[in-house]
Structures are given as C-alpha cells and as structure tokens.
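Working notes for the structure below.
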2 protein chains.
Amino acid sequence: MFNFNEMKKAAQILDELGFRKTEIRLKVLDHLQKVNKAVSQPELEIKFNKFADRVTLYRILSAFEAKGIIHKIMDAHGVARYALCNHKHCMEHQHHDEHVHFNCTECGDVVCLDTVKIPALKLPKAFSSAKINLNIEGICNHCQK
Amino acid sequence: MFNFNEMKKAAQILDELGFRKTEIRLKVLDHLQKVNKAVSQPELEIKFNKFADRVTLYRILSAFEAKGIIHKIMDAHGVARYALCNHKHCMEHQHHDEHVHFNCTECGDVVCLDTVKIPALKLPKAFSSAKINLNIEGICNHCQK
DNA sequence: ATTTAATTGCAACATAGTTGCATTTAATCA
DNA sequence: TGATTAAATGCAACTATGTTGCAATTAAAT
Ligand SMILES: [Mn+2]
Ligand SMILES: [Mn+2]
Ligand SMILES: [Zn+2]
Ligand SMILES: [Zn+2]
C-alpha cells in the first residue's frame with residue numbers, strides 16, 4: 001500500500017540526497033515515513049518536544065521539499081503541512097501532487113488520498129492553471145462512527 | 001452576470017439583516033459588491049487605510065459570514081478571504097460553496113469561479129466529506145499574456 | 001586530528017488572527 | 001427632540017505561524 005523509494009531507510013535517503021545524517025533530520029524523515037500523514041511544524045515541535053528548535057524544523061521541511069522527497073500543502077486551516085511524495089514523478093522543484101487532501105475534523109489528521117485524482121477542470125477562457133490543491137474536510141476512516 | 005439579491009444596495013441589505021448601517025460596514029459590503037473578488041482583512045485594511053481598526057474588519061467579516069451573505073475560504077497562501085455568496089442556497093450557518101477558487105500568481109487576486117463546479121469525488125470507504133475547498137493557482141484572465 | 005561547509009540555535013522580526021474591556025454610537029423610544 | 005440601550009468600535013494585549021541574520025556547533029571529508 002505505501003511505498004517510498006521501496007521504503008528505504010531514512011539514513012540511506014539522506015545519504016543519497018547529500019544531506020548530513022543528523023539526529024533531527026533522521027527523526028523527522030523517519031516520522032514522516034511511519035505516520036504517512038501530512039504533518040505540520042507545530043506538530044513536529046510537540047512530537048520532538050524541545051529536541052529541535054522551531055526554526056530548524058521549518059528549515060528541515062523546506063530542505064526536504066526542495067529535494068522533492070516531500071511536498072507542501074496548505075491545509076483547511078491555512079497551516080503548512082508536508083507529506084512524503086509516494087510517486088516517482090516528484091523531482092526537485094517539480095512536484096506532481098494532484099490528489100485530494102483529506103482533513104479530519106475529528107482527529108485533526110490530514111492525509112493524502114493519492115488514489116483520488118482530481119478530475120480535469122474546464123476553466124473559463126483566458127484562465128491558465130499551474131497548481132491545484134483540493135482540501136476536503138470530513139470524518140476519516142479511523143474516526144468514523 | 002453578477003447578481004446578489006438582485007444587487008441590492010448595501011444599506012438595504014444591512015437593514016434586512018438587522019445590522020446597523022455604520023459607515024465601515026457599508027463600505028465593506030459595498031466594496032465586496034463592486035470588486036466581486038474574495039478579499040482578505042489585510043487587503044481591506046489597506047483599502048480603507050486606517051479608517052477602521054483591524055479588529056473591526058475581522059469582526060465585520062465574521063458577522064457577515066454568520067449571516068450567510070459572504071463565505072469564507074482559505075486561499076492558496078493560507079490567508080482567510082471572504083466573497084459574496086451569489087446564489088440563494090447560502091443561508092445562515094449553511095453555505096454551499098462548492099466551486100473553484102482561482103488564485104492569480106500575477107496580480108494576487110482570488111476569485112470565485114462559480115461556473116466551475118467541483119465534480120463529485122469517490123472517496124475511499126469510510127471517509128465522509130462535509131466541506132470542500134479547491135484552490136487553483138495560475139494566471140487570471142486579466143493578467144494573461 | 002584538522003578542516004570546512006552544512007546544520008543548528010537563538011534572537012528578533014513579520015503577519016494573521018483572537019479576546020477582553022472600556023468607549024462610542026445607531027436606532028429606538030419617551 | 002432628547003434620553004436610553006444594545007450594537008458596534010477601538011485599543012491593548014495576546015497567540016500562532018512563519019522568516020531572517022548571525023554566531024556556534026558538528027558531520028564528514030582530508
Ligand atoms: Mn499530498
Ligand atoms: Mn467562493
Ligand atoms: Zn480522524
Ligand atoms: Zn491576475
């Protein structure tokens with residue numbers, strides 16, 4: 001169901017991308033792989049309570065995004081979240097993230113619904129589309145009934 | 001093309017909704033009718049330069065939203081924007097806003113593309129959808145070429 | 001072991017948004 | 001018209017997210 005570069009270990013990925021294998025980076029990447037959700041800096045800050053500075057977390061996420069291993073989305077509350085790219089079309093500075101982002105109003109989780117592609121939309125003449133983000137709010141599978 | 005309660009005057013609308021006809025509220029509502037775009041508090045603050053306090057603008061927008069004459073959306077940058085509801089299905093605490101929101105990367109404008117309906121999406125079993133927001137970033141009709 | 005560029009931590013700042021409370025005022029009424 | 005009052009506003013203070021500059025630390029190469 002979930003694969004990311006054949007689920008490589010965090011250390012190997014950092015290596016291949018030319019990142020240093022620092023403890024925080026390893027933890028963040030490992031966490032992203034394990035939870036398989038779109039996580040925010042504030043969430044990471046709580047998760048790794050005071051193990052890393054806020055700014056460091058922001059910079060790690062930006063660095064990962066720039067290398068194309070994660071993608072950034074604005075969630076339904078306007079907070080930036082990052083999730084692993086689990087398809088091979090994501091490359092440095094060139095993401096393909098045209099899937100639905102589901103925001104659970106119960107647990108607060110945000111997940112990429114990679115299987116729910118966004119249908120092509122016919123925009124009015126003279127509008128050109130470059131990027132798209134579809135947030136759905138509702139109850140997720142874990143919180144249902 | 002654009003109609004809002006048959007394009008009633010701002011004063012009449014405030015009257016009907018039980019709002020006082022204060023100068024700021026008249027200006028904000030009038031502005032929303034004229035520009036027909038999704039506007040943010042920071043934009044209004046600049047537009048009505050120091051004529052109204054920031055907090056007042058936020059409160060006016062919330063009040064209008066609660067009455068169902070405008071709807072709130074988070075734009076592509078995570079900033080709250082409000083636009084007139086131009087269909088009669090919007091009622092107090094019950095909005096129907098299932099259309100595309102277009103964010104122009106040139107001029108920064110955000111507009112409701114009411115004609116571009118969002119197709120029904122088949123979510124995975126056990127996910128239930130309550131609210132949806134689709135932001136498209138690109139070049140708008142005015143900024144094209 | 002030394003070197004060095006990458007990474008981190010801290011302080012300071014910016015912007016968006018919220019809350020409490022005292023003051024003002026639009027609308028109602030005497 | 002003037003008094004009354006609830007609605008609306010303004011101000012201060014606060015929270016949250018996000019950014020930038022710079023000095024200190026450190027992973028990794030030599
Ligand atoms: Mn995604
Ligand atoms: Mn809209
Ligand atoms: Zn949930
Ligand atoms: Zn434009």
Side-chain angles (χ1 to χ4, degrees), chain A residues 9-30 38-67 69-82 92 103 108 110 135, chain B residues 9-30 38-67 69-70 72-82 103 108 110 135:
Chain A
K9 283 211 199 67
Q12 187 188 344
I13 293 168
L14 292 185
D15 238 351
E16 290 175 3
L17 295 174
F19 287 126
R20 286 192 192 166
K21 283 162 283 183
T22 66
E23 197 163 349
I24 314 176
R25 291 190 171 201
L26 284 166
K27 280 186 174 175
V28 170
L29 184 48
D30 191 62
V39 303
S40 63
Q41 175 277 325
E43 280 178 352
L44 291 179
E45 194 179 352
I46 292 166
K47 169 77 183 174
F48 304 127
N49 187 30
K50 296 306 160 201
F51 182 79
D53 190 76
R54 295 180 340 100
V55 180
T56 301
L57 293 174
Y58 278 116
R59 289 201 267 234
I60 287 174
L61 293 170
S62 313
F64 286 179
E65 190 204 6
K67 283 292 182 183
I69 58 173
I70 63 179
H71 60 278
K72 177 186 187 175
I73 54 179
M74 300 303 299
D75 72 13
H77 300 314
V79 175
R81 288 177 176 270
Y82 298 82
E92 201 161 342
N103 299 236
V110 177
N135 275 309
Chain B
K9 283 211 199 67
Q12 187 188 343
I13 294 168
L14 291 184
D15 239 352
E16 290 175 2
L17 294 175
F19 287 126
R20 286 193 192 168
K21 282 162 284 183
T22 66
E23 197 164 351
I24 314 176
R25 291 193 171 203
L26 285 166
K27 280 186 174 176
V28 170
L29 184 47
D30 192 62
V39 303
S40 63
Q41 175 278 326
E43 281 178 352
L44 291 178
E45 194 179 352
I46 292 166
K47 168 79 183 172
F48 304 127
N49 186 30
K50 296 306 160 202
F51 182 79
D53 189 78
R54 297 180 337 103
V55 180
T56 302
L57 293 174
Y58 278 115
R59 289 199 266 233
I60 287 174
L61 293 171
S62 312
F64 285 180
E65 190 203 7
K67 284 293 183 183
I69 57 173
I70 63 179
K72 177 186 188 176
I73 54 179
M74 299 305 297
D75 72 14
H77 300 314
V79 175
R81 288 178 175 270
Y82 297 83
N103 300 236
V110 177
N135 276 309

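Quick note on labels: first sequence line is chain A, next is B, and so on, each numbered from 1. Note: hydrogens, waters and symmetry copies are ignored here, and every other heavy atom, side chains too, is used. Bear in mind the structure is a predicted one, so any value in this text is a computation, not a measurement.
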Report the distance from atom [atom1] of [X] to atom [atom2] of [N], rounded to the nearest whole Å.
| X | N | atom1 | atom2 | result |
| --- | --- | --- | --- | --- |
| A/Phe64 | C/dT7 | CZ | P | 9 Å |
| A/Asp53 | D/dT25 | CG | P | 15 Å |
| A/Glu45 | C/dC10 | CD | C1' | 14 Å |
| A/Ile24 | C/dT7 | CD1 | P | 11 Å |
| A/Leu26 | D/dA27 | CG | C1' | 11 Å |
| B/Glu43 | C/dT15 | CD | C1' | 14 Å |
| B/Asp75 | C/dT15 | CG | P | 16 Å |
| B/Glu23 | C/dA27 | CD | C1' | 17 Å |

At a cut-off of 3.5 Å, list every protein nitrogen or oxygen paired with a nitrogen or oxygen from nucleotides 18-21 of chain D, distance to 0.1 Å.
residue	atom	partner	partner atom	Å
D/dG18	OP1	A/Ala80	N	2.7
D/dG18	OP2	A/Tyr58	OH	3.1
D/dG18	N7	A/Arg54	NH1	3.4
D/dG18	N7	A/Arg54	NH2	3.1
D/dG18	O6	A/Arg54	NH2	2.9
D/dG21	O6	A/Arg59	NH1	3.4
D/dG21	O6	A/Arg59	NH2	3.4

Report task. Can you tell me the pairing partner of D/dT30 across any strand shown, Watson-Crick or G-U wobble, with both distances under 3.5 angstrom? Result ->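 C/dA1 - that is the nucleotide pairing with D/dT30, both distances being under 3.5 Å.
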Residue pair [X] / [Y], side-chain heavy-atom distance below 4.5 Å:
| X | Y | answer |
| --- | --- | --- |
| B/Phe48 | B/Val28 | yes |
| B/Phe19 | B/Ile60 | no |
| A/Glu23 | A/Leu26 | no |

Query raised in the report: Who are the salt bridge (Lys or Arg N to Asp or Glu O under 4.0 Å) partners of B/Asp15, not counting sequence neighbours?
Result: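 Per chain and number, B/Asp15 pairs via salt bridge (Lys or Arg N to Asp or Glu O under 4.0 Å) with B/Lys21.
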Please write out the pairs of protein N or O atoms and N or O atoms of nucleotides 28-30 of chain D separated by less than 3.5 Å, giving the distance to one decimal.
residue	atom	partner	partner atom	Å
D/dA28	OP1	A/Lys21	N	3.0

Requested in this report: Under the side chain to side chain donor-acceptor pair (under 3.5 Å) rule, collect the residues that match up with A/Asp30, sequence neighbours excluded.
Outcome: A/Lys34
Report task. Please identify each residue that fulfils side chain to side chain donor-acceptor pair (under 3.5 Å) with A/Lys47, with sequence neighbours left out. Result -> none
Query - Qualifying residues under ring pair (Phe, Tyr, Trp, His ring centres under 6.0 Å), relative to B/Phe51, sequence neighbours excluded - result: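 Scan of B/Phe51 (ring pair (Phe, Tyr, Trp, His ring centres under 6.0 Å), adjacent residues dropped) gives none.
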Query raised in the report: Is it true that the side chains of B/Asn103 and B/Asn135 contain a donor and an acceptor less than 3.5 Å apart?
Result: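 Per modelled atom types, B/Asn103 and B/Asn135 side chains form a pair under 3.5 Å.
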Report task. Return the minimal non-hydrogen interatomic distance between B/Leu61 and B/Ile70, and the atom names on each side. Result ->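 It is O-CD1, 3.4 Å.
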